[in-house]
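One structure is given here, and the rest of the page talks about it.
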Amino acid sequence: MEVADTVRKATPDDLPQISAALSRAFFDDPLMAWAIPDQERRRRLMPEFFALFTRAFLRHDQTYTAGDIVGAALWAPPGAVPVSGEDAEELGGRIVELAGPDASRFLGVNKLFDDHHPHGSYWYLQFLGVTPAWQGQGIG
């Protein structure tokens with residue numbers, strides 16, 4: 001069986017593995033490297049960063065994973081607010097707390113994304129990532 005054939009909806013039990021997979025997938029991403037320039041800090045912080053988003057998006061029941069959780073896609077369906085209310089406040093506060101001296105970079109990126117979101121009802125993809133060893137094989 002091929003990994004690409006095993007895409008399934010994620011469950012809350014998958015959260016640690018999804019967080020780890022997304023952390024590996026985005027570790028060398030230029031935006032993440034800019035947001036957290038120190039590699040060791042980035043390695044430590046990214047699992048919790050992705051756990052925050054995964055937890056928030058699992059509530060939409062539209063988070064998907066592949067294979068032995070080598071990748072994940074965090075979706076919000078049309079008409080849903082990706083992260084709202086208390087979740088948004090908690091998420092923002094935890095990101096600032098986690099990012100520490102890099103918080104202004106994170107907040108700036110979030111503001112840019114918020115300022116440029118299209119209006120209307122659409123599927124919203126927060127993150128789609130595949131661990132480096134599995135990239136380029138059609139999983140994403």
Side-chain angles (χ1 to χ4, degrees):
M1 174 169 29
E2 296 204 13
V3 173
D5 293 336
T6 63
V7 173
R8 65 174 173 80
K9 276 191 177 178
T11 69
D13 290 340
D14 297 323
L15 190 145
Q17 296 93 334
I18 289 172
S19 175
L22 290 174
S23 295
R24 288 190 302 275
F26 284 93
F27 183 78
D28 289 324
D29 179 78
L31 182 60
M32 292 304 285
W34 174 80
I36 309 172
D38 181 88
Q39 285 190 1
E40 196 49 45
R41 279 191 79 242
R42 190 163 67 247
R43 191 174 322 283
R44 282 192 326 270
L45 298 178
M46 285 181 65
E48 182 60 25
F49 171 79
F50 283 109
L52 292 169
F53 279 97
T54 301
R55 193 172 296 112
F57 275 79
L58 278 168
R59 292 181 179 124
H60 296 295
D61 195 33
Q62 294 298 318
T63 294
Y64 294 85
T65 188
D68 194 19
I69 309 184
V70 298
L74 281 56
W75 289 95
V81 176
V83 182
S84 64
E86 288 180 18
D87 287 343
E89 265 187 53
E90 180 182 342
L91 183 71
R94 286 289 296 138
I95 287 172
V96 167
E97 184 181 310
L98 278 172
D102 300 315
S104 64
R105 289 188 182 106
F106 273 99
L107 296 175
V109 169
N110 278 344
K111 182 172 178 4
L112 282 172
F113 286 151
D114 288 345
D115 290 350
H116 292 90
H117 277 182
H119 298 285
S121 184
Y122 53 88
W123 283 92
Y124 180 80
L125 177 61
Q126 179 68 42
F127 291 109
L128 169 63
V130 176
T131 58
W134 287 94
Q135 292 173 4
Q137 298 184 37
I139 296 168

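Considering CG of L15 and CZ of F50, their distance stands at 12.5 Å, rounded to 0.5 Å. To the nearest 0.5 angstrom, L74 atom CG is 12.0 Å from R55 atom CZ. Distance CD1/I95 to CD/E90: 10.5 Å, rounded to 0.5 Å. The distance from the OG1 atom of T63 to the CD atom of Q126 is 10.0 Å, given to the nearest 0.5 Å. For the atom pair M32 CE and L45 CG, the distance stands at 8.5 Å (nearest 0.5 Å). Note that the CG atom of L31 and the CZ atom of F26 stand 9.5 Å from one another [nearest 0.5 Å].
L52 and F106 fall within the same hydrophobic cluster, where Ile, Leu, Val, Met, Phe, Trp and Tyr residues are linked whenever their side-chain heavy atoms come under 4.5 Å apart, directly or through other members. Residues I18 and F127 are members of one and the same hydrophobic cluster, defined by side-chain heavy-atom contacts under 4.5 angstrom among Ile, Leu, Val, Met, Phe, Trp and Tyr. A single hydrophobic cluster is seen to contain both V83 and F49, as judged by linkage of ILVMFWY side chains at heavy-atom distances under 4.5 Å, directly or through other members. There is no path of hydrophobic side-chain contacts, each under 4.5 Å, that joins F113 to L125.
Minimum interatomic distance between R41 and L98 (heavy atoms only, all atoms of both residues): NH2-O, 3.6 Å. Here the shortest heavy-atom pairing between R42 and I36 reads NH1-O, 2.6 Å. Listed here is the closest heavy atom pair of Q17 and D13: OE1-O, 3.3 Å. Nearest heavy atom pair, residue G71 against residue A21, reads N-CB, 4.2 Å. Contact record, S23 with S19: OG-O, 2.7 Å, taken as the closest heavy-atom pair. Summarising the geometry of I139 relative to A66, their closest heavy-atom pair is CG2-CB, 3.5 Å, with the distance given to 0.1 Å.
Between F57 and Y124, the angle of the ring planes stays under 30°, which puts this pair in the parallel group of the 30/60° scheme.
With sequence neighbours left out, the salt bridge (charged side-chain N to carboxylate O under 4.0 Å, His left out) criterion links D14 to R8. For A25, the side chain to side chain contact (heavy atoms under 4.5 Å, CB included) partners are Q135, not counting sequence neighbours.
No more than 12 heavy-atom neighbours from other residues, nucleotides or ligands sit within 6.0 angstrom of NE2 on H116.
Between L91 and F53 the shortest side-chain heavy-atom distance falls below 4.5 Å. Y122 is listed as a side-chain neighbour of H117, based on a closest heavy-atom distance under 4.5 Å.
A donor-acceptor pair under 3.5 Å is formed between the side chain of H60 and the backbone N or O of P82.
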